[in-house]
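Worksheet: the structure to be examined is printed underneath.
These numbers come from a predicted model, not from an experiment. Chain naming here is simple, since letters A, B, ... match the order of the sequence lines and numbering starts at 1 in each.
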Number of protein chains: 2
Amino acid sequence: MKETFGEYVKRLRTENNLTLTQLAAQLDMDSANLSKIENGKRDFDEKRLIKLADFFSLNIDILKTEFFSDLIAKKIYQTNYCHETLMLAEEKIKYLQQKQIKQGTLNL
Amino acid sequence: MKETFGEYVKRLRTENNLTLTQLAAQLDMDSANLSKIENGKRDFDEKRLIKLADFFSLNIDILKTEFFSDLIAKKIYQTNYCHETLMLAEEKIKYLQQKQIKQGTLNL
DNA sequence: GTATATTTGTCAAAATATGACAAGAAAAAT
DNA sequence: ATTTTTCTTGTCATATTTTGACAAATATAC
């Protein structure tokens, strides 16, 4: 079963025998805040995904999938019946893509 | 093919022959901002979902599904490959639910 | 025990969202 | 065709949320 994004970062860090301070330095952030991220008390800032991918030589698209799926999971969990919402979201994404093709751009 | 949440609201409004001003009054908001919502230039505020459901006698859960799927669609669209992210999100929701069962509560 | 690592709490500053209003554009009514 | 109504867009002050930073408490290792 899947882990959260925070747990994923923690695993990357510990598997590479790094301290919070060491990884935080690489990501240009406070180690205390990184700890909160690993423990699900704060969100990882999207703009640092590239640094994370670079440092651990991860595929950025896979990392983004990890990241965004986590945001979505947190948002839906508790609020809403999951499967139906996600199915509908998928339809809507397709709709937005269609709309973009027709209109050129799309401001959301 | 699915519509956006804004288009959905607009459809509800026009099918019921209401002006923006009339619906905005029911939702306790500015009609100019409601217009932006219908046209995808602002987000509908979650806290007004209940008023919307009440006024149009909609099932709140179905409405929430419409609402949250829209948020997700907007977030993923452009950024990420859709299907894979949503599949992973579903797994993560299950994981969070499992985690909650074990821990009692979960702060995210 | 001391040192190192991690977690938690707090708070000011930055970023984002919201409410409000004015003015322009489009549609409808007369 | 001009007046009235409706809709759209722009702007901005305020409210809310997120972030960065640091201090202090706790836990782990040596």
Side-chain angles (χ1 to χ4, degrees), chain A residues 3-52 55 67-68 70-79 99 103-108, chain B residues 3-52 55 67-68 70-79 99 103-108:
Chain A
E3 64 206 332
T4 64
F5 191 78
E7 289 166 348
Y8 173 66
V9 171
K10 186 168 203 160
R11 190 164 56 75
L12 279 173
R13 179 174 66 81
T14 53
E15 281 177 0
N16 287 278
N17 287 101
L18 296 165
T19 66
L20 282 166
T21 309
Q22 288 172 319
L23 179 55
Q26 292 296 328
L27 300 175
D28 188 30
M29 69 182 297
D30 187 316
S31 63
N33 291 331
L34 182 56
S35 167
K36 287 170 197 158
I37 288 168
E38 289 188 348
N39 295 298
K41 317 212 171 204
R42 266 202 196 201
D43 283 331
F44 191 86
D45 189 350
E46 188 177 337
K47 69 172 182 260
R48 269 188 270 261
L49 283 177
I50 295 166
K51 283 181 181 171
L52 189 66
F55 183 60
F67 177 76
F68 287 110
D70 208 72
L71 287 187
I72 293 163
K74 283 183 188 169
K75 187 72 194 167
I76 294 187
Y77 161 81
Q78 292 173 321
T79 321
K99 222 175 154 183
Q103 297 182 2
T105 46
L106 203 54
N107 57 339
L108 294 178
Chain B
E3 64 206 330
T4 64
F5 191 78
E7 289 165 348
Y8 172 65
V9 172
K10 186 169 204 161
R11 189 163 56 74
L12 279 172
R13 179 174 66 80
T14 52
E15 282 177 359
N16 288 276
N17 288 101
L18 297 165
T19 65
L20 282 168
T21 309
Q22 289 172 319
L23 179 55
Q26 292 296 328
L27 300 176
D28 188 30
M29 68 182 297
D30 188 315
S31 63
N33 292 330
L34 182 55
S35 168
K36 286 171 197 158
I37 288 168
E38 288 188 349
N39 295 298
K41 317 216 162 179
R42 269 201 194 200
D43 283 331
F44 190 86
D45 189 349
E46 187 177 337
K47 70 171 182 260
R48 268 188 269 260
L49 284 178
I50 296 167
K51 284 181 180 170
L52 188 65
F55 183 60
F67 176 76
F68 287 110
D70 208 71
L71 286 187
I72 292 163
K74 283 183 188 169
K75 187 73 195 164
I76 294 187
Y77 161 80
Q78 286 173 325
T79 322
K99 223 175 153 182
Q103 297 182 2
T105 46
L106 204 53
N107 57 338
L108 293 178

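Nearest heavy atom pair, residue B/Phe44 against residue B/Phe67, reads O-CE1, 3.4 Å. Among all heavy-atom pairs drawn from B/Leu71 and A/Lys75, the shortest one is CD1-CE, 3.9 Å.
Along DNA chain D, the nucleotide nearest to A/Met29 and the one nearest to B/Leu20 differ in position, and the one closer to the 5' end is contacted by B/Leu20. Between A/Gln22 and B/Phe44, the residue whose closest nucleotide on DNA chain C is further toward the 5' end is A/Gln22.
Using a 4.5 Å cut-off on side-chain heavy atoms (C-beta onward), A/Lys74 and A/Asp43 make contact.
Between A/Leu34 atom CG and D/dC22 atom C1' the separation is 16 Å, expressed in whole Å. Spacing between atom CZ of A/Arg13 and atom C1' of C/dT7 amounts to 11 Å, rounded to whole angstrom units. Here the P atom of nucleotide C/dT7 and the NZ atom of A/Lys41 are 9 Å apart, to the nearest Å. Atom CG of A/Asn39 is separated from atom C1' of D/dT26 by 13 Å (rounded to the nearest Å). Put simply, CG on B/Asp45 is 11 Å from C1' on D/dT16, counting in whole angstrom units. Whole-Å rounding puts the B/Asp43 CG to C/dT18 C1' distance at 11 Å. What separates CG of B/Asn17 from P of D/dC7 is a distance of 11 Å, to the nearest Å. B/Glu46 has its CD atom 14 Å from the C1' atom of D/dT16, to the nearest Å.
The structure places OG1 of B/Thr4 at 4.5 Å from NZ of A/Lys99, a figure rounded to the nearest 0.5 Å.
Of the candidates C/dC21, C/dT7, D/dT19, C/dC21 carries the atom nearest the B/Asp30 side chain, counting heavy atoms from C-beta on. Among the nucleotides C/dG19, D/dA21, C/dT7, the one closest to any side-chain atom of B/Arg42 is C/dG19. Nearest to the side-chain atoms of B/Lys47 among the listed nucleotides D/dT8, C/dT6, C/dT18 stands C/dT18. Of the candidates D/dA21, C/dT7, D/dT8, the closest approach to any side-chain atom of B/Ala32 belongs to D/dT8. Listed nucleotides: D/dG20, C/dT18, D/dT8. Nearest to the side chain of A/Arg48: D/dG20. Of the listed nucleotides (C/dT18, C/dT10, D/dT8), D/dT8 has the atom at the smallest distance from the side chain of B/Ser35.
Among the atoms of the strands shown, only primed sugar atoms or phosphate atoms (P, OP1, OP2) are found under 4.0 Å from some heavy atom of B/Thr19.
Contact annotation: side chain of B/Lys36 to base of C/dG19, donor-acceptor pair absent below 3.5 Å. The base of D/dA21 sits with one of its N or O atoms less than 3.5 Å from a complementary donor or acceptor on the side chain of A/Asn33.
For B/Lys10 and D/dT6, the shortest distance from a side-chain N or O to OP1 or OP2 is not below 4.0 Å.
Of the candidates A/Leu20, A/Asp45, A/Leu23, A/Ile37, A/Met29 forms a side-chain contact (heavy atoms from CB on, under 4.5 Å) with just one, namely A/Ile37.
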